[in-house]
Amino acid sequence: MIDPKLLRQSTAQVATNLARRGFEFDGDAYLVLEERRKALQVETESLRSERNSNAKNIGKAKAQGEDIEPLLAAVKDLGDKLESRESALQEVQTALNDIELGLPNLLADDVPVGNSESDNTEVRRWGEPTEPGFTARDHIDLGESLGMLDFESASRISGARFSVMHGPLARLQRALIQFMLDTHTAEHGYQEVYVPYLVQAPALVGTGQLPKFEEDLFQTKSETPYYLIPTAEVPVTNLARDAILEADQLPSRFVAHTPCFRSEAGSYGQDTRGMIRQHQFEKVELVQFVEPGKSADALEELTGHAEVILQRLELPYRVVTLCSGDIGFGATKTYDIEVWLPGQQRYREISSCSNYNDYQARRMQARWRNPSTGRPELLHTLNGSGVAAGRALIAIMENYQEEDGSIRVPAVLQPYMGGLTKLSRG
RNA sequence: GGAGAGAUGGCUGAGUGGUCGAAAGCGCUCCCCUGCUAAGGGAGUAAGGGCUAAUACCCCUUCGAGGGUUCGAAUCCCUCUCUCUCCGCCA
C-alpha cells in the first residue's frame, strides 16, 4: 500500500509515477472521496466526543443523586445522528481502502521505463552460454529418455502442468534444495524457517496477492477457506505481521524451502510442455526485513546471494532489471536472474529479487522501533528466489548434458548425491 | 471429535455498568541520593487514526474478533477465533 498521506498530499506525483507502469490512477476521483472522508470523520469524531462528555456528565449527576432526566433528553437524538454519520464514514473508508489496496507500488527512480519483457535492461552476465559441441536437447527429451521424468503419469494423476520425477532426478532436486538451504544459512546469514503451505486471505492481502490476483491462486473448499501458497514469500514475510522489531533485530533474514502452487490462469499456450511452468514447483525463498533506507543496498546483496547459487552450480546467467511494464505489482524494483537454457537457446527466469520498501509492511503493520525517534515505524521487506528448484533442475539437465543423453552432476551437489557423478539410463 | 478453563499494556496480574486507556508489581527510560557495589527516593513509560507546519496541543478508536443492549460497556447478551488442561483419535 502506498502511504495514504502521500496519496492525498502528492496525488499528482503518485499518478505520474504509476503511469510509468501503464497504471491509470484517477487522482481527482480519489481526492473527492478523500474530502468526503475528512469531513465525515471530523464530524463523526466530534459527535462521539459530545456523546462521551454527555455520558460522563450523566454519570456524575447520577453519582450525586441528581435528576438525570433532562440530561437524557438533551442527548436523545445524538445517537441516531452519530449512527448515520458512522455508517457514511464507514462506507467512504471502505471505498478508499479498496482503491488503496488496488494500487501498485511506486517505482524506484532507476527502474527503466518500458512495456514488456523486451524492455528489461541487462545489468551483468556471468559465464558463457554453454556450447556442448552437439545439438543440445531440452530437459523434456533428456528426462524422458533417461526414464526419470514422467509427464504421462503426472497427467494421469493430476492433469496438465504437473510432473513426476523418478530416482536420481528426484534426488537431484532434493540435493539442490539442501545445497541452497545450507549455503544461505551457513554463508549468507539466513535463518531457516518452516512455514504453513496453506494460508488465509489476510496473509495474502499483506503481501499483495489479494485482493487483485485471486485467479492465480488455488483455494480450498474447506469450511474456513485456505489458499495454497504461490510462494514462500507469503508465509515468511507475514512473520513480521503486527510485529514491532527492535533495531538490533534488523536486518532479519529468513530462508525457507516450500512447494509453490500457482493456477497459472492466463498462461495457456505458454510453456505448456515440460517443467518450466507448472501448477506445483519447489522453491527456496529468501526474505529480509530491513531498516528503511537500507533496502536498496539489501536488494543488491540479496540478489548476490541468489547469484552465488548459480555460480557454485556453474550455470551461466544474466541479471536484468525489470522495466516498468514487466515489474510485479508490489515491487518498487526487481532484478530477475535468468539462467541459460541450451535446449531453448535463451536465458530464462530462475529467480526474481524484489524490494517492496514499505508497501507490504504497511499492509501487514510490520514495524521496527526507530531508536532515533523512539517510535514504531514501518520497516522494509524484500524477497527473492534463491533459487527456483524446478527451473534450476532444468538448467542443470540442459547445461550438464552429454552427447549420449546422460547428465553430469555438478561438483557441489555430488556430496548430496552420495557421490554420484552422473545420471544415466539403466 | 467430547468435557472444562481462559484471552486485559513489554511481562505478571487486578478490575462485573459511569470520572477506567485501565490498580499493583516487574521490566525499561530519565532525575536525585549514595566512596564503589547493593539498596533507596521521585518522575515517566501502549498502539492506530484525525486535525496540524509539527514526532506540540486537542480529539477519536482499541481490554482476542465481530455483532447487540445502554445516555454510557474491559464489565451484560449473542456469534466466532485462538490458547491451555483432560479424554478420544492420529503422524
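Residue numbers start from 1 in every chain, and the chains themselves are labelled A, B, ... in the order their sequence lines are given, proteins ahead of strands.
Helical stems in RNA chain B, defined as runs of 3 or more consecutive Watson-Crick or G-U wobble pairs with both donor-acceptor distances under 3.5 Å, are listed by first residue as B:1-7 with B:81-87, B:10-12 with B:24-26, B:27-32 with B:40-45, B:46-50 with B:58-62, B:64-68 with B:76-80.
Going from the P atom of rA43(B) to that of rU37(B) covers 24 Å, rounded to whole Å. Comparing the same atom, P, in rU45(B) and in rC59(B) gives a spacing of 16 Å after rounding to whole Å. Taking the C1' atoms as reference points, rC78(B) lies 31 Å from rA23(B), given to the whole Å. Nucleotides rU8(B) and rG13(B) are separated by 9 Å at their C1' atoms, to the nearest Å. On the P atoms, rU83(B) is 30 Å away from rA46(B), given to the nearest whole Å. For the P atoms, the distance from rC77(B) to rA24(B) is 29 Å, rounded to whole Å. Rounded to a whole angstrom, the distance from the P atom of rG4(B) to that of rU79(B) is 14 Å. Straight-line distance between the C1' atoms of rG17(B) and rA22(B): roughly 15 Å, to the nearest whole Å.
One interatomic measurement links the two molecules: CG of Asp80(A) to P of rC71(B), which rounds to 11 Å at whole-angstrom precision.
Residue Glu300(A) qualifies as enclosed at atom CD: its count of foreign heavy atoms under 6.0 Å is above 12. For Glu83(A), the CD atom counts as loosely surrounded, since its 6.0 Å shell holds 12 or fewer non-hydrogen atoms of other residues, nucleotides or ligands. Applying the 6.0 Å contact sphere to CD of Gln270(A) captures more than 12 heavy atoms from other residues, nucleotides or ligands.
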Please tabulate, one pair per line, each protein N/O and nucleotide N/O from nucleotides 17-19 of chain B that are separated by under 3.5 Å, including the distance.
{"residue": "rG18(B)", "atom": "O6", "partner": "Lys62(A)", "partner atom": "NZ", "Å": "3.1"}
{"residue": "rG18(B)", "atom": "N2", "partner": "Ala55(A)", "partner atom": "O", "Å": "2.6"}

Under 3.5 Å, which N/O atoms of the protein pair with N/O atoms of nucleotides 26-31 of chain B?
none

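Counting only N and O atoms by type, the side chains of His257(A) and Glu282(A) include a donor and acceptor under 3.5 Å apart. Counting only N and O atoms by type, the side chains of Glu86(A) and Gln90(A) include no donor and acceptor under 3.5 Å apart. Side-chain contact of Thr207(A) with Glu233(A): a donor-acceptor pair under 3.5 Å is absent, judged by distance alone.
Between Arg48(A) and Thr224(A), the residue whose closest nucleotide on RNA chain B is further toward the 5' end is Arg48(A).
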Quiz item: Taking protein heavy atoms under 4.0 Å as touching, what does nucleotides 43-59 of chain B look like 5' to 3' if B marks base contact, S marks sugar-phosphate-only contact and - marks none?
Solution: ----SSBSSB--S---B
Practice problem: Produce a footprint string for nucleotides 63-68 of chain B: one letter per nucleotide, 5' end first; B if the base is under 4.0 Å from any protein heavy atom, S if only the sugar-phosphate is, - if neither. | Solution: ------
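Proximity of His188(A) to Arg253(A): side-chain heavy atoms (C-beta onward) are nowhere separated by under 4.5 Å. Considering only heavy atoms from C-beta on, Phe151(A) stays 4.5 Å or farther from Arg273(A) through its side chain. A heavy-atom distance below 4.5 Å is found between the side chains of Glu314(A) and Tyr400(A).
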N/O donor to acceptor pairs below 3.5 angstrom from side-chain atoms of residues 406-415 of chain A, sequence neighbours left out:
{"residue": "Ser406(A)", "atom": "OG", "partner": "Asp404(A)", "partner atom": "OD1", "Å": "2.6"}
{"residue": "Arg408(A)", "atom": "NE", "partner": "Glu402(A)", "partner atom": "OE2", "Å": "2.5"}
{"residue": "Gln414(A)", "atom": "NE2", "partner": "Val409(A)", "partner atom": "O", "Å": "2.9"}

Without placing hydrogens or testing angles, list every side-chain donor-acceptor pair under 3.5 Å for residues 286-298 of chain A, not counting sequence neighbours.
{"residue": "Gln288(A)", "atom": "NE2", "partner": "Tyr190(A)", "partner atom": "OH", "Å": "2.9"}
{"residue": "Gln288(A)", "atom": "NE2", "partner": "Glu301(A)", "partner atom": "OE1", "Å": "3.2"}
{"residue": "Ser295(A)", "atom": "OG", "partner": "Asn355(A)", "partner atom": "ND2", "Å": "3.1"}
{"residue": "Ser295(A)", "atom": "OG", "partner": "His380(A)", "partner atom": "ND1", "Å": "2.8"}

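Arg363(A) is linked by a side chain to side chain donor-acceptor pair (under 3.5 Å) to Tyr359(A), counting only residues two or more places apart in sequence or in another chain. For Ser46(A), there are no side chain to side chain donor-acceptor pair (under 3.5 Å) partners, not counting sequence neighbours. Listed by chain and residue number, Arg137(A) satisfy the side chain to side chain donor-acceptor pair (under 3.5 Å) test with Asp141(A) (two or more places apart in sequence, or in another chain). Remark: Arg367(A) pairs with no residue by the salt bridge (charged side-chain N to carboxylate O under 4.0 Å, His left out) rule, at least two apart or across chains. The salt bridge (charged side-chain N to carboxylate O under 4.0 Å, His left out) check on Glu377(A) picks up nothing, with sequence neighbours excluded.
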